[in-house]
Amino acid sequence: MTAIVRTDRLSKSYGAVTALAGVSFECAAGEVVGVLGLNGAGKSTLLRILAGEILPGGGSVSIGGVELGDDARAMRSLVGYLPEEPPLYREMRVRDYLGFVGALNGVARGELPDRIAVVAERVNMDGHLDWVVGELSMGYRKRVGIAQALLHEPDVVLLDEPVSSLDPAEIVGMRELVRSLGGRRTVFTSSHHLREVHETCDSILVLHEGELLAHGSQEELGALADRERIEVEVRGRASEAAGRLPAGVEVVHSGDLGGGVSALTLDLAGTEREDVAAALVGAGFGIRRLEPVRSDLERVFLDLVRGEGGAAGENGP
């Protein structure tokens, strides 16, 4: 993998509050990377550092081989950034605003009309270039914000909570737009909504209280928990079957299905499936079904932030 974005032991504090604590990762060109975490996890701080908007308290950042401390201007030229609140002048027309931002970002005056037309079509708002920014819906204002981030043709695009404050129809359109930006450029999109990450991203950074708990594809993160849980259907009462399980096996959920059959979802905590089956059969319970639970992203995320992810830190700092 050729890394276009690399951080090493990145840290940042605001007074006594630690926003990032030793965050290290690499991301390849063309990836759509989800930065996932609860509110206050450090997502916005990470994106602001990558954008060159603020400096880290410690550690290093490089984008396209350019170190932040060596040439901040050159690194910022490689990055397009959309904060959670788009940096818009509401009284300007969209075309004029994009021309203003493009000039600030070094786009030659003669190239601006064509560049504006291209990015407006890319974000599906070419019919709104002569609208006043303040008259646009929040969804279209977000699109203007993405357009300004793309004007100077950056290699990396940073989108902080791009679906916040959008209605359901606008959210669907934004997902499609974010997904379409990948491939030609690397995209970071932050969210505390699991569905947004699941729908749009190739890989995921899981942040919690400033620490990187995991980094990998959805399949790789799912593997952190796939081995841990099984579903069992037995003949007998669930409460009685639970009392005959090997030590350390946790009952996550149980219930009676009727007809003398019960179902249990078990967290194995390192115990082998065969040991569970042997314990239940030895206690007189007939097993009708035993199979692994396929983990979803939501459970993996909750396990990680609760400190139950086991190997979660393997891809972290």
Side-chain angles (χ1 to χ4, degrees), residues 25 31-39 41 172 175 179 191-209 211-317:
F25 64 85
E31 279 191 279
V32 179
V33 182
V35 183
L36 178 64
L38 305 176
N39 290 331
V172 171
R175 283 189 201 133
R179 186 72 217 174
S191 182
H192 58 273
H193 295 293
L194 292 158
R195 184 174 181 184
E196 300 315 313
V197 171
H198 176 72
E199 294 282 345
T200 59
C201 299
D202 302 312
S203 65
I204 304 167
L205 299 165
V206 181
L207 288 175
H208 184 59
E209 297 182 348
E211 296 187 359
L212 181 61
L213 298 186
H215 175 207
S217 67
Q218 296 191 40
E219 292 78 11
E220 289 169 335
L221 296 192
L224 294 177
D226 277 344
R227 55 183 167 78
E228 295 181 352
R229 291 185 183 178
I230 61 172
E231 288 182 348
V232 185
E233 285 185 10
V234 298
R235 290 197 176 276
R237 295 176 60 86
S239 58
E240 295 175 357
R244 297 304 187 102
L245 295 170
V249 175
E250 177 186 350
V251 179
V252 178
H253 176 75
S254 66
D256 293 318
L257 302 180
V261 176
S262 301
L264 302 94
T265 301
L266 307 176
D267 190 326
L268 297 183
T271 303
E272 297 294 334
R273 286 183 235 167
E274 291 84 351
D275 296 333
V276 172
L280 290 172
V281 171
F285 293 93
I287 297 178
R288 292 167 49 94
R289 181 174 66 90
L290 187 154
E291 60 186 37
V293 175
R294 186 173 183 82
S295 300
D296 59 20
L297 182 58
E298 182 172 11
R299 181 166 81 77
V300 173
F301 174 58
L302 292 175
D303 283 352
L304 287 170
V305 300
R306 290 169 181 164
E308 300 170 1
E314 288 181 358
N315 295 314

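Throughout, residue positions are numbered sequentially from 1 according to the sequence presented.
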Below 4.5 Å, heavy atoms only, C-beta onward: do Leu207 and His192 meet side chain to side chain?
no

Which donor-acceptor pairs under 3.5 Å do the side chains of residues 248-256 make with protein atoms, sequence neighbours left out?
from: Asp256; atom 1: OD1; to: Ser262; atom 2: OG; distance (Å): 2.7

Distance check, rounded to the nearest 0.5 Å: Glu272 atom CD versus Ile230 atom CD1?
10.5 Å

For residues 233-247, dump all side-chain donor-acceptor pairs below 3.5 Å to protein atoms at least two apart in sequence or in another chain.
from: Glu233; atom 1: OE2; to: Arg289; atom 2: NE; distance (Å): 3.3
from: Glu233; atom 1: OE2; to: Arg289; atom 2: NH2; distance (Å): 3.2

Rounded distance [0.5 Å steps], OG1 in Thr265 versus CD in Glu231
4.5 Å

